[in-house]
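A short write-up of the structure that comes next.
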Amino acid sequence: MVRVRFAPSPTGYLHVGGVRTALFNWLFARRMGGKFILRIEDTDLERSSKEFEVLILESLKWCGLDWDEGPDIGGDFGPYRQSERKETGIYQNYAQKLVEAKKAYFAVHDPEDSKKVIKKAFEWPQEYFKKGYDITIKFKIEEGETRFNDLLKGKMTFKNDVFDDIVIIKSNGFPTYNFAVVVDDHLMKITHVIRGEDHLSNTPKQIMIYQAFEWNPPEFMHIPLILGKDRSPLSKRHGGTSVNYFREQGYLNKALMNYLALLGWSVEEEIFDYKEKVETFTLNSISNKSVIFDYQKLEWINGKHLRNIDTIELYSIFYDWLKTFKKEEIEVIRELDINKSYALKVLKICREKVNTLAQLLEMIKPFLVDEYEYEGKYIEKFKSDGQAAKVLEESIKIFEKARELDNTDEIRKLLENVSNNVEVKRKRAFQIVRGALLGKLITPGLFESIQVLGKSRTLQRLKRTLEIGRNWK
RNA sequence: GCCCUCAUCGUCCAGCGGCCUAGGACAUCGGCCUUUCACGCCGGUGACCGGGGUUCGAAUCCCCGUGAGGGCGCCA
């Protein structure tokens, strides 16, 4: 049974690099019919916080990466928080075993220079402890070489003498990362460790600890890191990096996952639902090269998904997003609530023009809000065009006579009549009408927009602009 | 400094000794469509890091450089 884990430390938001690692673990677990385990590595008391843990779990859920065992749902190998595991004494006990086997020792540190060890002992150095010295447990590095096979890098060999003895228990009693991972991965029966390449050089140390316990190490796979445009590690300098950031910007979880999967992965079709990839996922389709995060491609993928999904689904995603991140848009939210069928029509034509929910909001707003604003460009156009008012007056006249405005071909003919009657070029007339209806010069198709707005709303808006436009002179 | 990893268009991926005058996608540029912007379609620019080998033949294999990234914490 395949058992893999994702083990974030709650010291910040969930980074897209972390999600990508989690995604590959998840995909592998689901593909193999195994278990995906979530473990919180909170052994750094200074930097870990409960708030970040909550956010990380929430981000993971938003990404659709569900876990089979974890701190919130438990499981047979709990607890799943290292701080809680520490309370049970397991790390201390296992470290003690190594000391008894003379594979680790108590180290008394020089208070002046904590790097310096002034005393090594296989017995608890009580007298130093009493005097307040910092005491750790260090793992002794043996002579020789350490080998392991990395699923992506191939055979790895490290000379042991490049490593110094490693602290496994800190002076505060907490285990260090390199020790806790080994103990936990073993106790949790992890079969495959898929993690970032930044852990590659740590692996031999961990292997040595496995060997000291005579435990079988799991399989290892180190996947390349995500970099920014300048090839330095992806950070806030390059733009947003947390799941929360992309969520807030109006990216769809499916699109983010799609892009992350695509990044450093070879597939036939670029646009896909990552959940369907469970069927065909293989570890060796992951590339062995660090990758640069491409914000533009992500946006393109997001636009594709935005247009692919069902309008109803888009409606609910958009609605939830507004409620979460754009609470101040009360009028938009209200219109969405009370006039769903109209909103659906608006969404349908607006999504053709945008790539993110934030862009969608801008596009959609003037359709829902009757007190829409006019952008400066339009006001300028209106002022400088001597025929603008005439175009609007003529439109009102023609539209009022029309039966209904529910057919784009008819709307086109009516508008053509307007431009003919006023003797203004179509393009010019259409832009004046467009801005009059929505306040902007960039909108969905004019005919579709009028169709969606409907006769009465269209007339009302033309009159409104005519009225307000008088003050622009 | 020592150790490890990686190296094809600006970016991601394809290529795994001859099919490569190197292919696809995003971006970019030009055109078409057209009521704006986009979508869509058509086309262009654009890369095998350098040097040595091996071989009849190398983007593909080997070595050496160089560059980039990672590690060398009582961080994870």
Side-chain angles (χ1 to χ4, degrees), chain A residues 7-12 41-48 82 107 109 114-115 134-138 150 152-154 156-159 161-164 166-181 195-205 222 224-225 227 229-233 259 262-271 285 287-301 303-304 307 350-355 359 363 377-378 411-412 415-416 419 425-435 438 440-450:
Chain A
S9 62
T11 55
E41 309 217 324
D42 55 351
T43 53
D44 185 341
L45 294 174
E46 311 277 296
R47 297 193 302 149
S48 296
Q82 284 182 333
H109 294 260
S114 64
K115 287 238 189 299
D134 277 349
I135 300 166
T136 63
I137 299 180
K138 290 187 105 179
D150 187 278
L152 196 57
K153 313 284 181 195
M156 304 288 307
T157 304
F158 287 83
K159 289 198 176 70
D161 58 25
V162 303
F163 303 109
D164 293 325
I166 46 188
V167 173
I168 56 177
I169 301 289
K170 306 177 197 175
S171 56
N172 68 2
F174 273 75
T176 58
Y177 165 74
N178 280 118
F179 188 61
V181 227
R195 67 202 342 178
E197 202 177 271
D198 49 337
H199 291 290
L200 189 58
S201 302
N202 281 323
T203 308
K205 296 181 196 170
H222 292 93
L225 270 18
L227 309 176
K229 194 120 191 115
D230 58 0
R231 297 216 153 263
S232 65
Y259 176 64
L262 202 60
L263 192 61
W265 201 22
S266 63
V267 283
E268 349 47 63
E269 273 302 318
E270 291 204 309
I271 303 300
S285 52
S287 115
N288 187 14
K289 204 179 106 181
S290 54
V291 286
I292 291 173
F293 195 88
D294 186 342
Y295 289 85
Q296 283 181 313
K297 187 142 187 178
L298 202 213
E299 190 179 320
W300 175 75
I301 287 177
K304 287 281 189 185
R307 273 166 238 121
C350 286
R351 72 164 171 185
E352 298 302 325
K353 311 278 170 179
V354 300
N355 287 329
Q359 293 165 6
M363 194 61 89
K377 256 184 166 174
Y378 178 66
I411 295 166
R412 173 210 296 273
L415 281 169
E416 281 171 2
S419 85
K425 278 195 177 157
R426 277 179 206 171
K427 194 165 167 172
R428 191 169 140 199
F430 288 3
Q431 284 300 76
I432 287 165
V433 173
R434 184 191 307 279
L438 297 160
K440 297 177 176 187
L441 294 173
I442 295 173
T443 74
L446 220 209
F447 316 141
E448 291 77 12
S449 296
I450 291 174

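To find a chain, count down the sequence lines: A is the first, B the second, and so on, and within it residues start at 1.
- Both distances falling under 3.5 Å, in either a Watson-Crick or a G-U wobble arrangement, place rG40(B) opposite rC32(B).
- Aromatic pair Y295(A)/F293(A): ring centres closer than 6.0 Å.
- Comparing Q296(A) and L45(A) along RNA chain B, the residue whose closest nucleotide (by nearest heavy atom) sits nearer the 5' end is Q296(A).
- Between the base of rA76(B) and the side chain of N202(A) there is a donor-acceptor pair shorter than 3.5 Å.
- For rG23(B), the paired base is rC13(B) (Watson-Crick or G-U wobble, both distances below 3.5 Å).
- With a 6.0 Å radius and a threshold of 12 heavy atoms from other residues, nucleotides or ligands, E269(A) has its CD atom at or below the threshold.
- For rG70(B), the base has a donor-acceptor partner in the side chain of S201(A) [N/O atoms by modelled type, under 3.5 angstrom].
- Between the side chains of T176(A) and N178(A), not a single donor N or O lies within less than 3.5 Å of an accepting N or O.
- With a 3.5 Å ceiling on both atom-pair distances, the Watson-Crick or G-U wobble partner of rC61(B) is rG53(B).
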From CA spacing to verdict: side chain to side chain donor-acceptor pair (under 3.5 Å), S171(A), H109(A): CA-CA 9 Å; S171(A) 56; H109(A) 294 260; over 6 Å; no

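- A donor N or O paired with an acceptor N or O is not found under 3.5 Å between the base of rC74(B) and the side-chain atoms of S114(A).
- Across the strands present, rC2(B) finds its partner in rG71(B); the criterion is a Watson-Crick or G-U wobble pair with both atom distances under 3.5 angstrom.
- Mapped onto RNA chain B by nearest heavy atom, D164(A) and M156(A) fall at different nucleotides, with M156(A) at the one closer to the 5' end.
- Side-chain atoms of R434(A) and base atoms of rU35(B) include a donor and an acceptor less than 3.5 Å apart.
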